[in-house]
Amino acid sequence: MGGGNQEAVKQLQSLMENVDEQLKNTFQNMHQGYPAETLIRFLKARDWHVAKAHKMLSDCLNWRVENEIDKVLTKPIPSDLYRAIRDSQLIGMSGYSKEGLPVIAVGVGLSTYDKASDKYYIQSHIQINEFRDRVILPTATRKHERYIGTCLKVLDMTGLKFSALNQLRLLTAISTIDDLNYPEKTDTYYIVNAPYVFSACWKVVKPLLQERTRRKIQVLQGCGKEELLKVMDYASLPHFCRKEDSKSSKHNASGNIENCFSFNHVFHQQLYNHIKHQAIIMESISPIRQGSFYVDIPEPDPDDAKIAKTIETEFHKLENQKNGFINSRNGVTVNGHRNTSY
């Protein structure tokens, strides 16, 4: 870290000394004993501009207080509903990289988000983030005796279709929460099993991304097995990367413990049991207020909003092209001529 960056950290540290006790407490819950490293994340997210990083961090802390994020790990989702969420919001942790970073797997293409209301998907996503930051990463840091504050993400695009537009609003909300409140938590994004629809969109979206973000994204051939084995052992490979003929992110049976998306996988069992245990502890201290867990969705960064709009526009273009091709193949009159060939 250069001298200028060190000075930026000192300036932001100084600004943080002036916040009230409530914000200091939630900041402590965020940084888990590593305040400087947390400040650096927000500075990186705002290109080392101290005033912008300070506003971003202040907004984040206020968001945490207003939405009681520090208590989210004491609010279990009913088990039957949680199982349904795991079947439709495909995310899990498959292991660790050779450098000790948690490997988070996401089934982008086959996630349907149709088994619960949006608020539960958002609640579950935030719980995974907080469990990662308060339990998984601190445990990895102690084990390796060095600070580990980021993860790797393997994004499976198997099954990505035009119908993904139906989930764009929810996905944008989740992405906005991550971008503004959990910045710089992912070291590298690995894209695997990418179909044509992703490749076509990627060409348009890639130039819109900041250089810092573009450097983190690697689009791998096929299931990415060979490339991923350079950074993690076979045991930590997500299940959809283990075979070249892997066709699906989803588990064939709910009891498949090798599938990191499954409720029965060790990661989700640890997470769910942790939340239930924290709820019991909290209940013994003071009764937990009953009711749904709602989170205010921050306004997305204008650049991120532009990217989401570009994705939507590109999907519509590709869908129209596909429909036009199908219509022409089925004998619909095109340019005054009827095509009846198959």
Side-chain angles (χ1 to χ4, degrees), residues 63-64 66-94 102 104-136 153 155-156 158-159 163-178 181-182 238-240 248-284 286-297:
W63 174 81
R64 292 182 66 88
E66 290 165 6
N67 293 280
E68 298 186 334
I69 300 301
D70 290 340
K71 296 181 180 179
V72 71
L73 292 181
T74 67
K75 299 178 183 294
I77 297 171
S79 60
D80 288 347
L81 184 56
Y82 192 78
R83 286 178 179 273
I85 290 171
R86 294 283 60 84
D87 282 337
S88 52
Q89 182 185 35
L90 305 182
I91 185 171
M93 179 179 151
S94 61
I104 306 295
V106 185
V108 177
L110 289 172
S111 291
T112 56
Y113 297 95
D114 60 352
K115 304 297 183 184
S117 63
D118 288 0
K119 68 184 179 186
Y120 282 119
Y121 287 115
I122 291 171
Q123 177 179 349
S124 175
H125 183 82
I126 292 174
Q127 287 178 331
I128 290 172
N129 281 355
E130 292 293 312
F131 187 70
R132 174 198 66 195
D133 293 351
R134 297 194 225 170
V135 178
I136 298 294
K153 286 189 177 178
L155 310 182
D156 181 24
T158 298
S163 57
L165 275 179
N166 298 332
Q167 296 114 38
L168 192 58
R169 183 179 58 82
L170 175 58
L171 292 174
T172 299
I174 289 174
S175 176
T176 298
I177 288 172
D178 283 355
N181 300 293
Y182 302 92
H239 57 281
F240 51 80
S248 174
S249 288
K250 287 197 173 185
H251 42 82
N252 296 324
S254 59
N256 184 353
I257 60 173
E258 291 187 0
N259 185 308
C260 61
F261 301 147
S262 170
F263 176 80
N264 295 305
H265 187 270
V266 61
F267 169 74
H268 285 295
Q269 286 294 297
Q270 289 174 348
L271 167 60
Y272 199 74
N273 289 335
H274 177 85
I275 294 172
K276 287 196 299 183
H277 182 64
Q278 293 301 309
I280 292 170
I281 293 174
M282 180 62 71
E283 185 70 37
S284 69
S286 61
I288 298 175
R289 187 180 65 184
Q290 298 299 312
S292 301
F293 181 79
Y294 286 98
V295 175
D296 293 330
I297 309 300

Under a 4.5 Å cut-off applied to non-hydrogen side-chain atoms, are [X] and [Y] in contact?
| X | Y | answer |
| --- | --- | --- |
| Phe240 | Thr158 | no |
| Gln89 | Ser124 | yes |
| Arg64 | Asn181 | no |
| Gln270 | Val135 | no |
| Ile281 | His277 | yes |
| Ile91 | Arg86 | yes |
| Cys260 | His239 | yes |
| Arg169 | Thr172 | no |

Aromatic rings Tyr82 and Tyr272: how do their planes relate, parallel, tilted or perpendicular, breaks at 30° and 60°?
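Ring orientation of Tyr82 relative to Tyr272: tilted.
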Nearest 0.5 Å please: distance from the [atom1] atom of [X] over to the [atom2] atom of [Y].
| X | Y | atom1 | atom2 | result |
| --- | --- | --- | --- | --- |
| Asp118 | Ile297 | CG | CD1 | 8.5 Å |
| His125 | Gln123 | NE2 | CD | 13.0 Å |
| Asp114 | Leu170 | CG | CG | 11.0 Å |
| Leu73 | Ile126 | CG | CD1 | 10.5 Å |
| Gln127 | Ile77 | CD | CD1 | 5.0 Å |
| Leu81 | Ser117 | CG | OG | 7.5 Å |

Under the side-chain contact (heavy atoms from CB on, under 4.5 Å) rule, what do Val295 and Trp63 come out as? Steps first, then yes or no, please.
CA-CA 9 Å; Val295 175; Trp63 174 81; 3.5 Å; yes
side-chain contact (heavy atoms from CB on, under 4.5 Å) for Phe267 and Arg132? Distances and angles first, verdict last.
CA-CA 10 Å; Phe267 169 74; Arg132 174 198 66 195; over 6 Å; no
Short question: side chain of Ser88, backbone of Thr112 - any donor-acceptor pair under 3.5 Å?
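No, the answer is negative, given that no donor and acceptor are paired below the 3.5 Å cut-off.
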side-chain contact (heavy atoms from CB on, under 4.5 Å) evaluation trace for Leu171 with Tyr113
CA-CA 9 Å; Leu171 292 174; Tyr113 297 95; 3.4 Å; yes
Testing the basics here: between His268 and Phe263, what is the closest heavy-atom pair and its distance to 0.1 Å?
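Taking His268 first and Phe263 second, the nearest heavy atoms are CB-O, 3.7 Å.
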If I compare all heavy atoms of Val106 with all of Phe261, which pair ends up nearest, and what's the gap?
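That closest heavy-atom pairing would be C-CZ, 3.9 Å.
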